[in-house]
Amino acid sequence: MDNGDIEGGGSEDEFHTKQSGRKYRPVVAHDPAVLEMSSVPPGSSSQEKKNTNSDRLNDNTNGSEREHRLELFGFDSLVNILGLKSMTGEQVAAPSSPRGDGEDAPVTFDRDRPGHNDLKLGTMMGVFVPCLQNILGIIYYIRFSWIVGMAGIGESLVLVAFCGLCTFLTGISLSAIATNGAMKGGGPYYLIGRALGPEIGVSIGLCFFLGNAVAGALYVLGAVETFLNAVPAAGLFREAITTSITTFNGTEVAHPIQSPSSHDLQIYGIVVTIVICFIVFGGVKMINRVAPAFLIPVLFSLFCIFIGIFLAKKDYPADGITGLSLKSFKENWSSDYQFTNNAGIPDPEGKVYWNFNALVGLFFPAVTGIMAGSNRSASLKDTQRSIPIGTLAATLATTALYLVSVLFFGALATRDTLLTDRLLTATVAWPFPAIIYVGIILSTLGAALQSMTGAPRLLAAIANDEILPVLNYFKVADGQEPHIATLFTAFICVGCVVIGNLDLITPTVTMFYLLCYAGVNLSCFLLDLLDAPSWRPRWKIHHWSLSLLGASLCIVIMFLISWSFTVVSLALASLIYYYVSIKGKAGDWGDGFKSAYFQLALRSLRSLGANQVHPKNWYPIPLVFCRPWGKLPENVPCHPKLADFANCMKKKGRGMSIFVSILDGDYHEHAEDAKAACKQLSTYIDYKCCEGVAEIVVAPNMSEGFRGIVQTMGLGNLKPNIVVMRYPEIWRRENLKEIPATFVGIINDCIVANKAVVIVKGLDEWPNEYQMQYGTIDLYWIVRDGGLMLLLSQLLRTKKSFENCKIQVFCIAEEDSDAEELKADVKKFLYDLRMQAEVIVISMKSWDVQIEGGSPQDEWSESFTPAQQRIAGYLAEMKRSAQGDENKLMADGKPVVVNEQQVEKFLYTTLKLNSTILRYSRMAAVVLVSLPPPPVHHPAYFYMEYMDLLVENVPRLLIVRGYRRDVVTLFT
C-alpha cells in the first residue's frame, strides 16, 4: 500500500483468521495502534486525544495484549526507522547531508510534507516540459536545414543519431541512479556526488552551474537578436551592415548582411534577463504558469512548419523550393562539405571549412537540456517516477522530430537553397513567416527560463551540503526558493549579455554539459559494475556497458568539437577538484569509489592467500602499543614519538600501522568510551601524518586484551607482523610491581604467535623528521632473526633524520671462535643483500660461576651488586611464601624454578653486553640489539633485572626479536 492510498483513507475491509478469530485490517493514518506507537501530531486538539483514548478503552483486551507484545520489541523504533510518521500527518525532516556524520547520520524522508504539496510538480510540468523547452531551441529554426544541405541526408541522419544516442544513454544512466533511492535537490550534482564522491560532484556540479548560467545568456541574446531582425524598427541604434560576395553558379552575388547593433543587444538583453529573473523569483507556481505560454506557441510553430512543408508548391524553381520531391531527396542524400564565409554562405575563398566533426559541435547544443528536469528534483512529487519518464520521453520526442525533419528538409528544396536560406523554416511556414519568428523567440526565452530556474537550485544544493564554506551564502532552507543564488545567476547572465560576443564561451558551455553527462554515465557505470547490495534501482533498463558507451561518446564528442576547449574545461574542473580537496569539508557519502576500494581490497586479500609472503614482498605491518606503561595527558591518546617511530619503519611511507590501545573494564560498560577513544586516536594518527588505523579493545586487563589482539587482529596476510612498544623504564622508579609480569607475558605471547618484537628504549629522545642525526647505527647481531635487524637499519637510513648515519654490524662471538672467518662470512652475506655496513667481530667470554668463581670487575659492580641484592631479596620472599605451600616457589601466580647460578650467569651476560655497547657505541645515533627471550620458569621480576642491566645508560636503543621466517633475500 503506498502513501496515496493511506492518506485517502485506504481500505477498511477486515478479514478473519481461522485459528483465533481476531479481526485484522490494514494500518491507516487514523489507526489507534499507529497513534499509540507514535507521538501525537503537533497541533492536534485535546478532543482528538480523548477520542483516541476512548478507542483504546473500547478494545481493552486486544489493545493491552498488543501493547504487551510490542513492548518487548521496543515499539517506537518501527515508526522512527521506517519513516511511518508521515502516515499520522507528522512533519518529517528532510534527509540531512552526510557531512562527516558517518554511520550515525539520520536518514528520514520529506515526501508529502504538509504545506508543500501544492508546490510539487508532476512528470509533465516538472520534467517533460522543462526538458522539451531546453532541447528545442534556435538551432532547429535557423541552422538545421543548413546542416542538412551541408552534410546531406545520409550523414545528417548519422549526426542526429550519434548525438541523440549520447543523450539517450545518458538519460538511461540518469534514470537508473535517480531511482536508486530518495533524491534531494541538486539533480546531476546530487547523483554524481553520491556516486563518485563530493570532490568530483562539486567540481562537475559547479561547471554545470556555470554552463547553465552562461547558456541562459546565450538564449537571451538569441531571442533578442531574432526579435531585432524581425522588427528592425525596434532598434535604438543603427544596424551594422556588411556585404558578403560569393560565387553562385559562376556568378558573383553580393549578400548584404544586416546585424543588430551590439548596444541594442545589450539593452534588450538586460531587460529580458531582469524579466526572467522576476519570473523565477515568483517560485514554482509562477514558472508553471509561464512555461506553457512559452511552449505552446513553439509547438504551434512546429505544426505550421510541417503544414507548410506538405503544402509547398513545386512551381517556384527560382526559390529553390521543390516541395517533397524524390529528385531533391536523391540529390541531397550525399554530403557537400565546403568553405563558407562567417555567415555560413558557401564561398570558395571563405575561411571556414565544414566537415562532420565541425557539424557535431554546431548541432550538439540542439540535443542538450536533458538535465532540466533533474535540476529541479527538490520540486518534484516523485523523482523516481518523473525523472526517468519525463527525461527519456523528451529525449526520444526531440530525436524523432530531428530525424523526421532531416528527411523532410532534404526532400523539400535544392541544396543551394538549403545552404543560402538561413530561415527556410520561415519561408515554408504556413500561413505566414512571422509565426516562426515568434517560435524562435519563445523557444529561446523558454530555454533561458529553464536555465535560470535550474542553475540557482543547483548552486543552492551544492551550498546546502556545506562542502565549500565560500558557498554558504547561497544556502536555503528546505522548501524555500533560492533567491540569493537566483540573483547571482542573473548577475552572471547580465555580465555575459554585456560582453555580447560569446563565440569563445559557447563551446565551453557545451563542454560543461558533456562533462556533466560523462559524470552521470561514469557514476552509473561504476555503480553497475560494483553492484553493491544497496544498488537496487527501480529503473531496470540499464547495464554497465551502456553507461560506459555513453561516457565514451561524451568524451569523443568533446574532442570532436574542439580539443583545446576540452582541455580548458577539464583544467577548470581539475582546479575546482583540487580546491575542494584542499579547502572542502567533505564527509563520507558512501560513494562508488569507496565501494571499489573495498572490493579491490577484498580481491587483493584473496589473491594474497594464506601462505607466507615471499621475502621480496615482505612489508612491516607494525602493531603499535600506544600507552601500555605510564600515563599521558587525556587529550594525547598515544605517545607522540611512537607515531614518528612507526613512520621510520616504512620505506617512502608505504605500509600500514595499526595503533592499539586497551581499556580495562567490562565491554558493555565501556563500549561508548571505546568508540570515543578510537575516534580520538584516529584523529591523532592523521594529525601525525602516519598511515595507519586505530583500534581500541576493552578487556579485563592488559594481558588478556593483548592476547586477544595478537590472535585476532588483521586478515589473512594483512595481519600485523611486528609488535612495537616502549620499554617500561618507569616500573622501578614508580614501584609498579605488576609491570614485569605483563611485560614478560606480552613478549611470550608474541613468541607463541610468531610475531616479531621491537622495544624502544629512550622513546622521549627519538628524533622527528626535522632533527638530523649524525654518527652510526650500530647493530649487535647475536642471534639469527631472519634479517629483521638488518632491514630495520636500512629502513632507518631511508629517513631524512638518519640519512647521514653509517651502519656498523657488531657480531658477538665466543672467545675461541674464528673471528676473521666470521667477519668474512658476514661481509659476503651483507654484500649479497645489497647492504653497505662495516662489520666488527667482538669476542665475549662466557662465564660460569661454578667453574671460574669470582665476581665482576670493580667498574661494573655499581650496577651488578644492587641487581644481585634485589634478586636475592625477591628470592628470599618467595621462599618464605613457599613454606606454607608445600615448599613450591610461586611468582605471579605460577610455579617457578630458580637456578641461582644460572641467574648469576644471565646477569653477568647482560652486564657484559651492556658494557660492550657503552664502549663501542656511546656516540651512536641509535643502537639495535637482539632481544633475549624470557627464560622458562624464571620469575618475570628476574627478567626485568636482566633487561635493566642490558639497557642501562644507553640513551636510544631498539631491542629486536625476529620470528621464524626470513624478511630479506639474497636472490633477485
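Below, each value reflects all heavy atoms present in this structure, side chains not excepted, and no hydrogens, waters or symmetry copies.
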Please report the closest heavy-atom contact between [X] and [Y], naming both atoms and the distance.
{"X": "L132", "Y": "A394", "value": "N-CB, 4.2 Å"}
{"X": "M125", "Y": "P130", "value": "O-CD, 3.4 Å"}
{"X": "P388", "Y": "T179", "value": "CG-CG2, 3.5 Å"}
{"X": "L392", "Y": "S175", "value": "CD1-OG, 3.8 Å"}
{"X": "L515", "Y": "A573", "value": "CD2-CB, 3.7 Å"}
{"X": "S564", "Y": "S562", "value": "OG-OG, 2.9 Å"}

Nearest 0.5 angstrom please: [X] [atom1] to [Y] [atom2], how far?
{"X": "I177", "Y": "C524", "atom1": "CD1", "atom2": "SG", "value": "5.0 Å"}
{"X": "S145", "Y": "I305", "atom1": "OG", "atom2": "CD1", "value": "9.5 Å"}
{"X": "K330", "Y": "L326", "atom1": "NZ", "atom2": "CG", "value": "4.5 Å"}
{"X": "W563", "Y": "N357", "atom1": "CH2", "atom2": "CG", "value": "15.0 Å"}
{"X": "I389", "Y": "M124", "atom1": "CD1", "atom2": "CE", "value": "10.5 Å"}
{"X": "F525", "Y": "S552", "atom1": "CZ", "atom2": "OG", "value": "8.5 Å"}

Exercise. Hey, do the aromatic rings of Y437 and F227 have their centres closer than 6.0 Å?
Worked result: no
Exercise. Quick one: are the ring centres of F208 and Y189 less than 6.0 Å apart?
Worked result: no
Are [X] and [Y] packed together at the side-chain level, in the sense that at least one heavy-atom pair is separated by less than 4.5 angstrom?
{"X": "L169", "Y": "L165", "value": "yes"}
{"X": "F565", "Y": "F559", "value": "no"}
{"X": "C207", "Y": "M511", "value": "no"}
{"X": "I557", "Y": "C166", "value": "yes"}
{"X": "F512", "Y": "L210", "value": "yes"}
{"X": "F209", "Y": "I492", "value": "yes"}
{"X": "Q450", "Y": "N134", "value": "yes"}
{"X": "C163", "Y": "F363", "value": "yes"}

Could you tell me whether a side-chain N or O of [X] sits under 3.5 Å from a main-chain N or O of [Y], the two making a donor and an acceptor?
{"X": "R415", "Y": "E331", "result": "yes"}
{"X": "N332", "Y": "G410", "result": "yes"}
{"X": "D382", "Y": "S386", "result": "no"}
{"X": "S335", "Y": "Y337", "result": "no"}
{"X": "T398", "Y": "T395", "result": "yes"}
{"X": "S328", "Y": "L412", "result": "no"}

[X]-[Y] side chain donor-acceptor pair, cut-off 3.5 Å:
{"X": "N521", "Y": "T170", "result": "yes"}
{"X": "H543", "Y": "D528", "result": "no"}
{"X": "T427", "Y": "D421", "result": "yes"}
{"X": "Y268", "Y": "E225", "result": "no"}
{"X": "S261", "Y": "H263", "result": "no"}
{"X": "Q266", "Y": "D264", "result": "no"}
{"X": "S173", "Y": "S547", "result": "yes"}
{"X": "S301", "Y": "Y141", "result": "yes"}
{"X": "T383", "Y": "S377", "result": "no"}
{"X": "Y219", "Y": "S451", "result": "no"}

For this session: Walk me through it: do V406 and Y402 pass the test side chain to side chain contact (heavy atoms under 4.5 Å, CB included)?
Result: CA-CA 6 Å; V406 167; Y402 292 148; 5.5 Å; no
For this session: Determine, step by step, whether D347 and T340 satisfy the side chain to side chain contact (heavy atoms under 4.5 Å, CB included) criterion, reporting the C-alpha distance in whole Å, the side-chain angles of both residues, the deciding distance to 0.1 Å, and the verdict.
Result: CA-CA 5 Å; D347 186 356; T340 67; 5.7 Å; no
For this session: List the steps and the verdict of side chain to side chain contact (heavy atoms under 4.5 Å, CB included) for L157 and L407.
Result: CA-CA 8 Å; L157 292 174; L407 300 177; 4.1 Å; yes
For this session: In sequence, state the C-alpha distance, the side-chain angles, and the governing distance for F364 and Y513, and then conclude on ring pair (Phe, Tyr, Trp, His ring centres under 6.0 Å).
Result: CA-CA 10 Å; F364 190 81; Y513 281 111; 8.6 Å; no
For this session: For a side chain to side chain contact (heavy atoms under 4.5 Å, CB included) with L424, tell me which candidate from T417, L419, I142, I436 qualifies.
Result: T417
Exercise. Counting heavy atoms not belonging to F303, are there more than 12 under 6.0 Å from its CZ?
Worked result: no
Problem set entry | CA sep, side-chain torsions, deciding dist, call: Y517, I555, side chain to side chain contact (heavy atoms under 4.5 Å, CB included) | CA-CA 10 Å; Y517 297 167; I555 301 300; over 6 Å; no
